[in-house]
Protein chains: 2
Amino acid sequence: MSLKHALLGFLTICPATGYELKGIFENSVQHFWNADLSQIYRTLDEIKTEGLATVRVEPQEGKPPRHIYSLSEKGREEFLRWLREPVKDLPVIRNHFLLKIFFGAFLQKEEVIEHLKRYQNVLQERLAKYRKIEHMAPEGFESMLRSKGIIEKGTAAPFELTALKNHLLYAIATLRLGFKIAEATDEWCTETINELQSLASEKSKTEKPKSVKKQRAKGAKV
Amino acid sequence: MSLKHALLGFLTICPATGYELKGIFENSVQHFWNADLSQIYRTLDEIKTEGLATVRVEPQEGKPPRHIYSLSEKGREEFLRWLREPVKDLPVIRNHFLLKIFFGAFLQKEEVIEHLKRYQNVLQERLAKYRKIEHMAPEGFESMLRSKGIIEKGTAAPFELTALKNHLLYAIATLRLGFKIAEATDEWCTETINELQSLASEKSKTEKPKSVKKQRAKGAKV
DNA sequence: TGCACTTATATGATCTTTCATATATGTGCA
DNA sequence: TGCACATATATGAAAGATCATATAAGTGCA
């Protein structure tokens, strides 16, 4: 379970509440990690219980009190221990979309093409999101943290600016991979659509021009 | 839960046992779906309970009996219903490796480079596996099923050959995406390593030539 | 000879994740 | 005026995934 370590990582940068951490997740690591709010709360509780962070409760009017988590020295050590630990495996992936493409022979070609086109839309949405994050990034995490209200206006960031810039370098690097993969996937969708379409038209040459498409598609139904 | 539908999908092609299905998974969809044996057994049991497949028990000497699952008409319908259902979201990803890179500013540059290089090894292993699957693929699923003993020697495949070739088309397409993504990731690792190394050498120009590297790295420790 | 691996099933325990729900107020939009 | 959404926490329940373990014979390798 590395949600814990992701949270410890962000807390290393700055104390935060569970709700804020959810926002930070969405605006920085969403392309390779996602977290449910309820799970964040539970994990923060675990972090507290294990003595990896301390909590300060800040009452609010009309709203539930903010529980602000601050990393302890133990938490910091655990985070660094995890951070240095080598990664041995590729991430576990379960891609419903590819599973459907894999079984494409049980559909009509046109239906598979629909799946591919729809997925391209999903990818475009995701790319738009990445661009938004990218736009935000140049001013660094600081701006993000400020916009989230974690850093008060006029207050200095609670960590070195050099380190912050260094951090930005890595954040951008991971984002760049996100772009690369999304773009490669989009390209692949186009290629596959073309491949499927050309297959249909090749058939049309040798057999009847129009009705054949449906025949072939029907044949695909094993 | 689409493990169920993945299993139904393979059972649409050919009856099989849980153990065989595990092997089929590893040799075809491992790059976008992975399944634990114990989970496969449990899901097959669910499939049976829901009337999506029937089971024939085949005793063996010295070994537990083989439970051969055959898809029912209901199972086939459920599979096709799922297959046509549009996919609205990108897959949920949790990439431990990228999480560590993201927090790279808390490590020394050399340590991050180590992470990247190690990951490249993991990717190479994966690419080798893909190539193996690719080599196997041209003779189609048939050969795979035969090698797994699902189809007896000399017996015809229990489904049309045209459909089989069509199936191969899609299987290869998903594999191609697997290659693309693994290659793009590998490239990104190299680029990122270079970027980090050039950063270090730029610093060396302006400051002391050798000792500086360590200084900078130390500075990265926020 | 010994050890590891393959074949083949299955369950208990636990971990992780998701979904639904509850509460309560302020803000912006139509 | 009404409705959705942001803020802010939290829990119950269920679904889904992983890990350990059990059984038991055969095969291949050093």
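Only a predicted model underlies this, so the values are computations on that prediction, with no experimental measurement involved. Naming convention: chains lettered A, B, ... in sequence-line order (proteins, then strands); numbering from 1 in each chain.
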Within the sub-3.5 Å range, which N or O atoms of nucleotides 18-23 of chain C have a protein N or O partner, and how far apart are they?
{"from": "dT18(C)", "atom 1": "OP1", "to": "Arg94(B)", "atom 2": "NH2", "distance (Å)": "3.2"}
{"from": "dT18(C)", "atom 1": "OP2", "to": "Arg94(B)", "atom 2": "NH2", "distance (Å)": "2.9"}
{"from": "dT18(C)", "atom 1": "O4", "to": "Arg42(A)", "atom 2": "NH2", "distance (Å)": "3.3"}
{"from": "dC19(C)", "atom 1": "N4", "to": "Ser38(A)", "atom 2": "OG", "distance (Å)": "3.1"}

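At the phosphate of dT9(C), neither OP1 nor OP2 sits under 4.0 Å from any side-chain N or O atom of Tyr19(B).
Atom CG of Asp89(B) and atom C1' of dT17(C) are 15 Å apart (whole Å). The CD atom of Gln60(B) sits 13 Å away from the P atom of dT27(D) (whole-angstrom rounding). Distance Leu44(A) CG to dT11(D) C1': 15 Å, rounded to the nearest Å. Residue Lys63(B) contributes atom NZ, which lies 8 Å from atom P of dT7(C) at whole-angstrom precision. Atom P of nucleotide dT17(C) and atom CG of Leu3(A) are separated by 7 Å, given to the nearest angstrom. Atom pair Ile40(B):CD1 and dT9(C):P shows a separation of 10 Å (rounding to whole Å applied). The separation between Lys4(A) atom NZ and dC15(C) atom P is 10 Å, rounded to whole Å. Note: NZ (Lys22(B)) to P (dT9(C)) measures 14 Å, nearest angstrom.
Taking the six-membered ring for Trp and thresholds of 30 and 60 degrees, Phe97(B) and Trp188(B) have ring planes more than 60 degrees apart, a perpendicular arrangement.
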Going through the distances and angles, do Ser2(A) and His96(B) end up as a side-chain hydrogen bond (donor to acceptor under 3.5 Å, both in side chains)? CA-CA 7 Å; Ser2(A) 283; His96(B) 294 236; 2.9 Å; yes
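With Phe106(B) as the partner, the ring-ring contact (aromatic ring centres under 6.0 Å, His included) test is satisfied by one option alone out of Phe10(A), Phe79(A), Tyr170(A): Phe79(A).
Shortest non-hydrogen contact noted between Gly18(A) and Leu37(A) is O-CD2, 4.1 Å.
Because its NZ or CZ atom is both nearer than 6.0 Å to the ring centre of Trp82(B) and within 45° of the ring axis, Lys100(A) counts as a cation-pi partner of that residue.
A salt bridge links Glu191(A) with Lys180(B): at least one charged nitrogen is closer than 4.0 Å to a carboxylate oxygen.
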